[in-house]
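These notes concern the structure reproduced below.
Chain letters run A, B, ... following the sequence lines, proteins first, then strands; residues in each count from 1. Computed from a predicted model, the values in this text were never measured in an experiment.
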Protein chains: 2
Amino acid sequence: MGNKSVSISVVRRLPRYYRFLGELLNHSVQRISSRELSQRMGLTASQIRQDLNCFGGFGQQGYGYNVELLHREIGNILGMNQHKKTILIGVGNLGRAILSHMAFEEKGIEIIGLFDRSEALVGEKIGGLTIAHTDELEAFCRERQPKVAILCVPKYTAEDLVVRLCKLGVNAYWNFSHYDIAVHHPGTVVENVHLGDSLMTLCYEVKEMEEPSAPQGGKKE
Amino acid sequence: MGNKSVSISVVRRLPRYYRFLGELLNHSVQRISSRELSQRMGLTASQIRQDLNCFGGFGQQGYGYNVELLHREIGNILGMNQHKKTILIGVGNLGRAILSHMAFEEKGIEIIGLFDRSEALVGEKIGGLTIAHTDELEAFCRERQPKVAILCVPKYTAEDLVVRLCKLGVNAYWNFSHYDIAVHHPGTVVENVHLGDSLMTLCYEVKEMEEPSAPQGGKKE
DNA sequence: TAGATTGTTAATCGATTAACAATC
DNA sequence: TAGATTGTTAATCGATTAACAATC
């Protein structure tokens, strides 16, 4: 079929489609047209049809899309039926929040290990898993072969960890640190969550809303 | 100067520039060319120059950019010198993680109130602020006039809260919920942090890496 | 001055939207 | 069949990259 790889813009919209379809499903909606979905989601119908057709013809002319089928298909495309062995490193506030907050299993992620470098935390149990010291990473990874790591550690810690993890065959990262994994380790798959960047973007927009595009400093006169 | 509003793609890159420049500053680097910065950041020099020139001519031909000046300018563009009155709603795991994790003041955000609807949490003190019940929102906002709300609550709670907050003049949201504020309340400024979506995007890429673009179900044959 | 590097215009590339024939 | 709505091609729009004259 010669699929040329789907653009990241499209991929990033899939989870949102998945959520909306899940809700329609909860409301027992059986079919939906691209037009109606587009109105609910604030997109164009064209875009929805284009996006979906990157992966296959899931609709039917004159009818629209079967909600349940489409929901399931997108779930499969996103790999939510998998069991990707995953470790989480850094069990501070953020790590704990993520652990308790995300529905990992239903996203195809299986957390098989927790690590921290603070002796005070090592040995503590969270959701059936015991926090191990980061010194144990090598032994653990050789035995259990995790594919994904969630990094809830500061930048300088991440830097060292990623070097070690890459050697151990971990090449996918959900990265909450400011360390630029993709730049330093090409060939890895990285999804960055830069909360600070997001907040700063909001700040910009707030400022813009209040005093629209005040010309900046700029050129000497 | 007739600034036409800067595209969101550009704005989203500003925090990253800011971080890189901050680090150069820490390493006592005084000047940098777009070319060298582009290599460090994994961008093109062209893009950096285009981006910066949306806001003014901060460089100097034959020299490059003064790191300290540029860092400060971008900080100002992002409004980091402001004191935006902000409330945080939902002081569970995620809310706490964010409170302890973000350097709010240095981003121009001043947290002036914490709210939760759980009686068990009301009265607890975190970082000098006492958690109040969400019932108090109206009284609080009328008196203190916050501009920004951070929503660390589930979707159905957010739905109700945003309606109330909009009436109270809060029109900027850092949104961790799945409620689609922008679709339902045009005129607000919203920055979504959809952790689940981010994780699912990673899952897709992991799957793609392992079994490159397996053709999907698609058309009946 | 010569060399370096910007600011800015033009060219390219990619993503979104519009249009419409195919078809259920 | 007539109406609806897809899948897909073509047109538009916007963002990125390349090129180069301006200038420090």
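Contact check, A:Y65 against D:dG7: a side-chain N or O comes under 4.0 Å of OP1 or OP2. The phosphate of C:dT6 has OP1 or OP2 within less than 4.0 Å of a side-chain N or O from B:S34. For B:R13, no side-chain nitrogen or oxygen approaches OP1 or OP2 of D:dA15 to under 4.0 Å. For the OP1/OP2 pair of D:dT16 and a distance below 4.0 Å, the side-chain nitrogens and oxygens of B:Q47 include at least one atom meeting the criterion. Between A:Y63 and D:dG7 there is no side-chain polar atom (N or O) within less than 4.0 angstrom of OP1 or OP2. When the side-chain nitrogen and oxygen atoms of A:R35 are compared with OP1 and OP2 of C:dT17, none of them lie within a distance under 4.0 Å.
If you take CD1 of B:I48 and P of C:dT6, they are 9 Å apart, rounded to a whole angstrom. D:dT6 atom P lies 13 Å from atom CG of A:N66, rounded to whole Å. Distance A:R12 CZ to C:dA15 C1': 15 Å, rounded to the nearest Å. Taking atom CG on B:L52 and atom P on C:dT5, their separation rounds to 16 Å, with Å as the unit. What separates CZ of A:F55 from P of D:dT6 is a distance of 18 Å, to the nearest Å. Straight-line distance from the CG atom of A:N53 to the P atom of C:dT16: 15 Å, rounded to whole Å. For the pair A:D51 CG and D:dG7 P, the computed distance is 12 Å after rounding to whole Å.
With A:R96 contributing its side chain and B:N93 its backbone, the two residues share no donor-acceptor pair below 3.5 Å.
Between B:F176 and the choices B:I150, B:L151, B:V153, the side-chain contact (heavy atoms from CB on, under 4.5 Å) rule is met once, by B:I150.
By the 30° and 60° cut-offs, the orientation of the rings of A:H71 relative to A:Y18 is parallel. Using cut-offs of 30° and 60° for the angle between ring planes, the B:H178 and B:H194 rings count as perpendicular. Between A:H185 and A:Y179, the ring-plane angle classifies as perpendicular under the 30° and 60° cut-offs.
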side-chain contact (heavy atoms from CB on, under 4.5 Å) evaluation trace for A:Y173 with A:C166: CA-CA 10 Å; A:Y173 297 89; A:C166 279; 3.5 Å; yes
Stepwise side-chain contact (heavy atoms from CB on, under 4.5 Å) test for B:D51 and B:V6: CA-CA 9 Å; B:D51 284 353; B:V6 177; over 6 Å; no
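Closest approach of B:A97 and A:A97 over heavy atoms only: CB-CB, 3.8 Å. Residues B:Q82 and A:K207 approach most closely at NE2-CG, 3.3 Å, considering heavy atoms.
Mapped onto DNA chain C by nearest heavy atom, A:L43 and B:R31 fall at different nucleotides, with B:R31 at the one closer to the 5' end.
In DNA chain D, consecutive stretches of 3 or more Watson-Crick or G-U wobble pairs with both distances under 3.5 Å are given as paired ranges: C:3-24 with D:3-24.
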Per-nucleotide protein contact string for nucleotides 18-23 of chain D (B base, S sugar-phosphate only, - none; heavy atom under 4.0 Å): BBB-BB
